[in-house]
Asker: 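Pasting in a structure now, in structure tokens, and then I'll have a few things to ask.
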Amino acid sequence: MIDLRVLREDPDRARASQRARGEDPGLVDQVLAADELRRSSATRFDELRSEQKGLGKLVAKASGEEKQQLLARTKELADEVKAADAAQSEAAERARALLLQLSNLLEPGVPEGGEDDFVLLETHGTPRDFAAEGFEPRDHVEIGKILGAIDLERGAKVGGARQYYLTGVGALLELALANMAMAQAVRYGFTPMITPSLVKPEAMQGTGFLAQAAENVYHLADDDLYLVGTSEVPLAAYHMDEILPAEKLPLRYAGYSSCYRREAGSYGKDTRGIIRVHQFEKVEMFSFCAPEDAAAEHQRLLAWEKEFLTALELPFRVIDVASGDLGSSAARKFDCEAWIPTQGKYRELTSTSNCTEFQARRLSVRLRDADGVRPLATLNGTLCAMTRNIVAVLENHQQADGSVRVPEALRPFLGKDVLEPVAR
RNA sequence: GGAGGCUUCGCCUAGUCCGGUCUAUGGCGCCGCACUGCUAAUGCGGUUUGGGUCUCAAGCCCAUCGAGGGUUCAAAUCCCUCAGCCUCCGCCA
């Protein structure tokens, strides 16, 4: 949710932001009009109500004929107050509904354009030259079979398309990655959290996932609950309706949860393997901080993502995601993409967004400092999404005989140096 | 799933039976000021949040007693629905 004051004072900035996202700039004017109506109807209600309260006091003191006269007026007033109240709350609701549709203002510097218009910021590591090593790399599906780590056939049999079982060493690999991620987060002072995957509409709405991403969210109609696509949702909503003391900020949480995604509109994309699935586990970093620290905090989250990928010895690059490809809450987003040998390209493994005050306003999370109460900023960043990390580790560290070398940093968590093919 | 109790401005709490004087009591904490070698203690004042008005501030107005609705000229107070927490029963990993 955007600050109405900012919107009133500088509507052009909001219009430009909407345009850059490929969204409707006219929405800005609808919001402004609705807000104007909201304010005028609120003023009318306030005046009537003030009169009603004043007369009410006189009624209490009066008696006899005087009282009857007062009651005649107050009865009339009561109807007017009621009508004004209804008009006021309707106007407020309409203004809020419109305001909720507006995406966050872009941070200056965000590259303009669509998915392919990102700016490449950095490249780390070098993809292996399998030709020079003398063998053709296998993709993660094949390696998964050889290791007895991934069972896609039975995943589809039981759960349908984009479902999978991790078996044996595959299951252990996921647990090891999760523990390694949590250990890193804890080392940097994050509070580890295991969060609900099932949340109420306010949490979903508040984090901005019921806007353009709505079609990818599972909704349980019988209970009006949503399955979260990331623990960003329960972590952001954790402090909903709270005022946090500024001296406690930044508050950093590392959430571990299942993530559910309908993957509507991605038919035919990544149909093979576990790159794109309906359910996966993820360790997510989340920060609450002062708005003026948000950009720096964003860089910190990015640095922690890079550290994790580096520890896994994966070649990757960092991109500055273009305006049209940002979530509605994000003012800016950086993705880390790891090299996937059998695809010959970099694929998103982590993503970190600066949501500035957008989510905090919707969820009513504020900070209190010497100057008073004001909204704070929220940021999120993937530390380790299990399935894609498994893909990257298996493919990048595979060896000619079908075994997979375990990166050094992961060994203490997995208890193995090498994943060996299982006898068939 | 069933029965009962509870929910008040950071925390605790008075008020709810019997509607108007609630402009919500008191304590703790916190902030400011005074006093004081220092600290402590004491005294005085302030201290929910949101919205509106206003160039800003001050001031003023409105809303806010878990949420929503109702009764009434008037609701923290009466009625209804819902939520959360607690106790007990049932079921259950």
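Each chain gets a letter, A, B and so on, in the order the sequences are listed, and its residues count up from 1. Computed over heavy atoms, backbone and side chain alike; hydrogens, waters and symmetry mates excluded.
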Asker: Would you call A:Arg405-A:Asp417 a salt bridge at under 4.0 Å N-O?
Answerer: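 Salt bridge between A:Arg405 and A:Asp417, a charged N being under 4.0 Å from a carboxylate O: no.
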Asker: From the list B:G52, B:A75, B:G50, which nucleotide is the closest neighbour of the side chain of A:Arg366?
Answerer: B:G50
Asker: Using whole Å, report how far CD of A:Glu242 lies from P of B:G50.
Answerer: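 Roughly 15 Å, once rounded to whole Å.
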Asker: B:G20 and B:A75: how far apart are their P atoms, nearest whole angstrom?
Answerer: 11 Å
Asker: Taking A:Glu242 first and then A:Arg366, would you say they form a salt bridge - that is, a charged N and a carboxylate O separated by under 4.0 Å?
Answerer: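 A salt bridge is absent here (no side-chain N lies under 4.0 Å from a carboxylate O).
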Asker: Using 4.0 Å as the upper bound for N to carboxylate O, is an ion pair formed by A:Glu47 and A:Arg44?
Answerer: no
Asker: For A:Glu76, which contact category applies under a 4.0 Å heavy-atom criterion: base, sugar-phosphate, or nothing?
Answerer: nothing
Asker: Rounded to whole angstrom units, what separation is found between the CZ atom of A:Arg96 and the P atom of B:G50?
Answerer: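 Result: 14 Å.
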Asker: Give a yes/no on whether any side-chain N or O of A:Lys82 is located under 4.0 angstrom from OP1 or OP2 of B:A74.
Answerer: no
Asker: Paired with B:A58 by Watson-Crick or G-U wobble geometry, both distances under 3.5 Å: which nucleotide is it?
Answerer: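 Partner of B:A58: none found under 3.5 Å.
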Asker: Say we look at B:U77 and B:G1: how far apart would their C1' atoms be, to the nearest angstrom?
Answerer: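 Here B:U77 and B:G1 have their C1' atoms 33 Å from each other.
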Asker: Take the protein atom CG of A:Leu99 and the nucleotide atom P of B:G50, then report the distance between them rounded to whole Å.
Answerer: 16 Å
Asker: Could you tell me how far B:G70 sits from B:G15 if I compare only their C1' atoms? Round to whole Å.
Answerer: 23 Å
Asker: Just the atom pairs and distances: protein N or O near nucleotides 18-22 of chain B's N or O, under 3.5 Å.
Answerer:
unit_1	atom_1	unit_2	atom_2	d
B:G20	N2	A:Gly56	O	3.2

Asker: May I ask you to say whether A:Glu263 pairs ionically with A:Arg276, meaning some side-chain N is under 4.0 Å from a carboxylate O?
Answerer: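 Yes, A:Glu263 and A:Arg276 are salt-bridged.
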Asker: Under 4.0 Å from OP1 or OP2 of B:A63: is there any side-chain N or O of A:Lys53 that close?
Answerer: yes
Asker: Which nucleotide, in any strand shown, forms a Watson-Crick or G-U wobble pair with B:G84, with both distances under 3.5 Å?
Answerer: B:C6
Asker: What is the distance, to the nearest angstrom, from the CE atom on A:Met240 to the P atom on B:A67?
Answerer: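 In whole Å, B:A67 P and A:Met240 CE are 14 Å from each other.
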Asker: Using a strict 4.0 Å threshold on nitrogen-to-oxygen distance, state whether A:Arg374 and A:Glu292 make a salt bridge.
Answerer: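 Salt bridge present between A:Arg374 and A:Glu292.
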Asker: Consider the side chain of A:Ile243, meaning its heavy atoms from C-beta on, and name the nucleotide among B:U49, B:A63, B:C73 that approaches it most closely.
Answerer: B:U49
Asker: Considering only heavy atoms, which members of residues 29-48 of chain A lie under 4.0 Å from some atom of RNA chain B?
Answerer: A:Arg38, A:Arg39, A:Thr43, A:Phe45, A:Asp46
Asker: Quick one: do A:Glu307 and A:Arg187 make a salt bridge, cutoff under 4.0 Å?
Answerer: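 Between A:Arg187 and A:Glu307 there is a salt bridge, with a charged N closer than 4.0 Å to a carboxylate O.
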Asker: Is the count of non-hydrogen atoms from other residues, nucleotides or ligands lying under 6.0 Å from A:Tyr260 atom OH greater than 12?
Answerer: yes
Asker: Which value, rounded to the nearest 0.5 Å, describes the distance between A:Gln88 atom CD and A:Leu37 atom CG?
Answerer: 11.0 Å
Asker: With rounding to whole Å, what would you report as the distance between B:C78 and B:G27 at their P atoms?
Answerer: 27 Å
Asker: When the P atoms of B:U47 and B:C60 are considered, how many whole Å apart are they?
Answerer: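 Their P atoms lie roughly 12 Å apart.
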Asker: Can you see if the side chain of A:Arg368 gets near the phosphate of B:U49 - specifically, an N or O under 4.0 Å from OP1 or OP2?
Answerer: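 For B:U49, OP1 or OP2 has a side-chain N or O of A:Arg368 closer than 4.0 Å.
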Asker: From CG of A:Leu77 over to C1' of B:U72, roughly how many Å is that when rounded to an integer?
Answerer: 14 Å
Asker: Between atom CD in A:Gln88 and atom P in B:U64, what is the gap in whole Å?
Answerer: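 Interatomic distance, CD of A:Gln88 to P of B:U64: 10 Å.
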Asker: Using the C1' atoms only, state how far B:C17 lies from B:C79, rounded to an integer number of Å.
Answerer: 15 Å
Asker: Under the side-chain contact (heavy atoms from CB on, under 4.5 Å) rule, collect the residues that match up with A:Ala246, sequence neighbours excluded.
Answerer: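 Expected list: A:Leu367, A:Asp369.
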Asker: Go ahead and name the base partner of B:C33; Watson-Crick or wobble counts if both distances stay under 3.5 Å, otherwise write none.
Answerer: B:G43
Asker: Does A:Arg49 or A:Lys200 map to a spot on RNA chain B nearer the 5' end, using the closest nucleotide for each?
Answerer: A:Arg49
Asker: Rounded to whole angstroms, how far apart are CG on A:Asp241 and P on B:U7?
Answerer: 20 Å
Asker: Both A:Ala78 and A:Val373 contact RNA chain B. Taking the nearest nucleotide for each, which residue is further toward the 5' end?
Answerer: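 Of the two residues, A:Val373 wins.
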Asker: Counting heavy atoms not belonging to A:Lys306, are there more than 12 under 6.0 Å from its NZ?
Answerer: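 It does: A:Lys306 NZ has more than 12 such atoms within range.
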Asker: May I ask you to say whether A:Asp85 pairs ionically with A:Arg49, meaning some side-chain N is under 4.0 Å from a carboxylate O?
Answerer: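 Salt bridge between A:Asp85 and A:Arg49, a charged N being under 4.0 Å from a carboxylate O: no.
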Asker: What is the pairing partner of B:A93, taking Watson-Crick or G-U wobble pairs with both distances under 3.5 Å in any strand?
Answerer: none
Asker: With both distances kept under 3.5 Å, what pairs with B:A63, Watson-Crick or G-U wobble?
Answerer: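 Answer to the pairing question: B:U49, which forms a Watson-Crick or G-U pair with B:A63.
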Asker: Considering only atom C1', compute the distance from B:U7 to B:G66 and round it to an integer number of Å.
Answerer: 6 Å
Asker: If we take the P atom in both B:C11 and B:G50, what is their distance in whole Å?
Answerer: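 The answer is 16 Å between these two P atoms.
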Asker: Identify the nucleotide, in any strand shown, that forms a Watson-Crick or G-U wobble pair with B:C11, with both distances under 3.5 Å; if there is none, say none.
Answerer: B:G27
Asker: For the pair made of NZ in A:Lys248 and P in B:C30, what is the distance, rounded to whole Å?
Answerer: 16 Å
Asker: Quick one: look up who B:C78 pairs with, Watson-Crick or G-U, both distances under 3.5 Å, and put none if it's unpaired.
Answerer: B:G70
Asker: Between A:Gln52 and B:C73, is there a contact of a side-chain N or O with OP1 or OP2 at under 4.0 Å?
Answerer: no
Asker: Indicate yes or no: at least one non-hydrogen side-chain atom of A:Thr382 is less than 4.5 angstrom from one of A:Leu349.
Answerer: no
